[in-house]
Novice: 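First the structure, which I've put down as structure tokens, then a few questions once you've had a look.
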Number of protein chains: 2
Amino acid sequence: MKKQGVKERIIETASDLFYNQGFNQTGINQIIAEAGVAKASMYQHFRSKEDIAVAYLIARHSMWMGKLNDSVSVQNTPKGKVIGCFDYLLEWLNEVNFRGCGWQNIITDLPIDHDKIRDQAIHHKNDLRLWIQKQLKDEGKYESSEELGDEILILIEGAIILSQIQKEKWPITAAKKACIKLLN
Amino acid sequence: MKKQGVKERIIETASDLFYNQGFNQTGINQIIAEAGVAKASMYQHFRSKEDIAVAYLIARHSMWMGKLNDSVSVQNTPKGKVIGCFDYLLEWLNEVNFRGCGWQNIITDLPIDHDKIRDQAIHHKNDLRLWIQKQLKDEGKYESSEELGDEILILIEGAIILSQIQKEKWPITAAKKACIKLLN
DNA sequence: AATTAAATACAGACAGGTCTGTTTATTATT
DNA sequence: AATAATAAACAGACCTGTCTGTATTTAATT
């Protein structure tokens, strides 16, 4: 059995902790303790706590977009895939007890000068925005797939944050209904 | 000239700091320094940092709902008032450089056992939800004002968080368009 | 042997909260 | 009005704990 590399262990542990308990509630001493890594080793691989968070967000983006694509792959049409986003949200957020979005959660209470983290959030949201707009364009029946895509993205973001606040699923199901209305 | 009370000064200073730089980025030493209050005095009025935050959120709720009502009061119909929410968002969020929503910002990275803060966020969002649903019901032309109200609320929440991430106004204008589509 | 990683200690700063004595402001009494 | 008592607020020190990051030595891995 090949032991997981130090860097990977740090990223994995930090990802879990940053996501579930919050960036500001997670100290590096906890990360190294739970990852079974020495602090100096950690600083060999990462220049700062912010850089660990960046690695977390990069890994998360890859994982998240991948899972989204997997989830909606069963849909036959681009439009179906867009609507399917909400099924994915429902399944994922229910599974994490409505903990919400890693990017939303980290950007709302961010130490000053942590612009690398901010850039990751913008990157992720732009990727998702383009993904939605592309699906709608591929569907070929919407005059304004960009405008519509923006509106769907806002529904997704709103559903995530509101389900987090309320710890309930109704925002997601309501957002799906609104999405269907806008697309029909 | 009556000097503002100690408690009020703490709440006002903490409100400004919590909102603009974040709950976790604001320490009590900064609060007392900027409020010109002794720490012991602060702890005479508030049991904990969490209690200060609760006072902040209570004051904010009152202020926020008041300003919303003022802003939409120029609209002639309940429906106009709901759509007017987005104009209020645009003005307010532009003014605070898209800093976003006090409740969203605090609940996303919250120390454990701070349930009083959580309760304030739920209370605020429920109030807003009921306010929107009431407007739509008063309009008298929607069969399902509750469902529609939920959808509008999600648009509002999504517009706020996304404009914060992007530091742009397009999420708000897009959300307004979606709102109009859903209401027409 | 070279590289990587671990263990440990440290530095400086900061966190939220407590305590004691002093000062100031307000209230009550004369 | 003056004085005394009370309440509120302040100043400074202190507490325990934690934060992020650095330095050194030793151990483990390649």
Side-chain angles (χ1 to χ4, degrees), chain A residues 1-57 105-106 109-118, chain B residues 1-57 105-118:
Chain A
M1 293 298 297
K2 175 96 190 261
K3 189 180 178 182
Q4 198 178 17
V6 168
K7 187 171 180 179
E8 284 70 42
R9 289 198 338 259
I10 294 168
I11 296 175
E12 184 178 334
T13 303
S15 296
D16 180 65
L17 292 171
F18 285 155
Y19 180 67
N20 286 298
Q21 66 183 26
F23 178 73
N24 292 290
Q25 315 315 320
T26 302
I28 57 169
N29 287 319
Q30 189 183 5
I31 295 171
I32 59 174
E34 298 194 17
V37 169
K39 195 184 291 190
S41 303
M42 193 197 75
Y43 279 105
Q44 249 176 338
H45 290 272
F46 298 97
R47 184 168 14 166
S48 61
K49 185 182 179 185
E50 184 188 12
D51 281 4
I52 303 176
V54 168
Y56 148 60
L57 294 174
N105 289 340
I106 199 169
D109 199 340
L110 196 55
I112 66 172
D113 297 329
H114 279 44
D115 291 328
K116 292 192 233 178
I117 289 179
R118 190 175 303 281
Chain B
M1 291 299 296
K2 176 97 191 257
K3 187 178 175 184
Q4 199 179 16
V6 168
K7 187 170 180 177
E8 284 70 42
R9 287 194 347 253
I10 295 168
I11 296 175
E12 183 178 336
T13 302
S15 295
D16 181 64
L17 292 171
F18 285 157
Y19 180 69
N20 286 299
Q21 66 182 26
F23 177 75
N24 292 289
Q25 315 314 321
T26 302
I28 57 170
N29 288 317
Q30 189 183 5
I31 295 172
I32 60 175
E34 297 195 16
V37 170
K39 196 184 287 191
S41 302
M42 193 197 75
Y43 280 104
Q44 252 177 338
H45 289 273
F46 297 96
R47 184 170 14 168
S48 62
K49 186 183 179 185
E50 182 187 13
D51 281 6
I52 302 176
V54 168
Y56 148 60
L57 295 172
N105 289 339
I106 199 168
I107 205 157
T108 44
D109 199 340
L110 195 57
I112 65 172
D113 296 331
H114 279 46
D115 290 329
K116 292 192 233 176
I117 290 178
R118 190 175 302 279

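Chain A is the first sequence line, chain B the second, and so forth, proteins listed ahead of strands; every chain is numbered from 1.
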Novice: Return all side-chain donor-acceptor pairs below 3.5 angstrom for residues 24-32 of chain A, not counting sequence neighbours, or 'none' if the list is empty.
Specialist:
{"residue": "A:N24", "atom": "OD1", "partner": "B:Q25", "partner atom": "NE2", "Å": "3.0"}
{"residue": "A:N24", "atom": "ND2", "partner": "A:D109", "partner atom": "O", "Å": "2.7"}
{"residue": "A:N24", "atom": "ND2", "partner": "B:D109", "partner atom": "OD2", "Å": "2.8"}
{"residue": "A:Q25", "atom": "NE2", "partner": "B:N24", "partner atom": "OD1", "Å": "3.0"}
{"residue": "A:Q25", "atom": "NE2", "partner": "B:D109", "partner atom": "O", "Å": "3.0"}
{"residue": "A:Q25", "atom": "NE2", "partner": "B:D109", "partner atom": "OD1", "Å": "3.0"}
{"residue": "A:T26", "atom": "OG1", "partner": "A:L17", "partner atom": "O", "Å": "3.4"}
{"residue": "A:T26", "atom": "OG1", "partner": "A:Q21", "partner atom": "NE2", "Å": "3.1"}
{"residue": "A:T26", "atom": "OG1", "partner": "A:G22", "partner atom": "O", "Å": "2.8"}
{"residue": "A:N29", "atom": "OD1", "partner": "A:K39", "partner atom": "NZ", "Å": "3.2"}
{"residue": "A:Q30", "atom": "OE1", "partner": "A:Q21", "partner atom": "NE2", "Å": "2.7"}
{"residue": "A:Q30", "atom": "NE2", "partner": "A:E34", "partner atom": "OE2", "Å": "3.0"}

Novice: Using the salt bridge (Lys or Arg N to Asp or Glu O under 4.0 Å) criterion, which residues pair with A:D115? Sequence neighbours excluded.
Specialist: A:R118
Novice: Let's see if you get this right: which residues in residues 107-116 of chain B place a heavy atom under 4.0 Å from DNA chain D?
Specialist: none
Novice: B:I32 CD1 to D:dC10 P: how many Å, rounded?
Specialist: 10 Å
Novice: Would you say D:dA8 has OP1 or OP2 under 4.0 Å from some side-chain N or O of B:H45?
Specialist: no
Novice: Only pairs at least two apart or in different chains count here, so list each ring-ring contact (aromatic ring centres under 6.0 Å, His included) that has a residue in residues 9-32 of chain B.
Specialist: B:F18-B:F23, B:F18-B:Y56
Novice: Does a side-chain N or O of A:R9 approach OP1 or OP2 of C:dA5 to a distance below 4.0 Å, or not?
Specialist: no
Novice: Evaluate the criterion side-chain contact (heavy atoms from CB on, under 4.5 Å) for residue pair B:I107 and B:L110; output intermediate values, then yes/no.
Specialist: CA-CA 5 Å; B:I107 205 157; B:L110 195 57; 4.3 Å; yes
Novice: If the sugar-phosphate is the primed atoms plus P, OP1 and OP2 and the base is the rest, what is the B/S/- string for nucleotides 17-22 of chain D, using protein heavy atoms under 4.0 Å?
Specialist: --SBBB
Novice: Could you tell me how far apart A:I31 (CD1) and C:dA6 (P) are, to the nearest whole angstrom?
Specialist: 15 Å
Novice: Is there a side-chain contact (heavy atoms from CB on, under 4.5 Å) between B:I10 and B:K7? Walk through the geometry before answering.
Specialist: CA-CA 5 Å; B:I10 295 168; B:K7 187 170 180 177; 5.5 Å; no
Novice: If every non-hydrogen atom of B:T108 is compared with every non-hydrogen atom of B:N105, which pair is closest and at what distance?
Specialist: OG1-O, 3.3 Å
Novice: Apply the test side-chain contact (heavy atoms from CB on, under 4.5 Å) to residues A:I52 and A:I11: give CA-CA distance (whole Å), side-chain angles for both, the deciding distance (0.1 Å), then the verdict.
Specialist: CA-CA 7 Å; A:I52 303 176; A:I11 296 175; 5.7 Å; no
Novice: Could you give all pairs that pass the side chain to side chain donor-acceptor pair (under 3.5 Å) test and reach residues 40-51 of chain A, with sequence neighbours left out?
Specialist: A:D51-A:K116
Novice: Quick check on D:dC10: is either OP1 or OP2 less than 4.0 Å from any side-chain nitrogen or oxygen of B:S41?
Specialist: yes
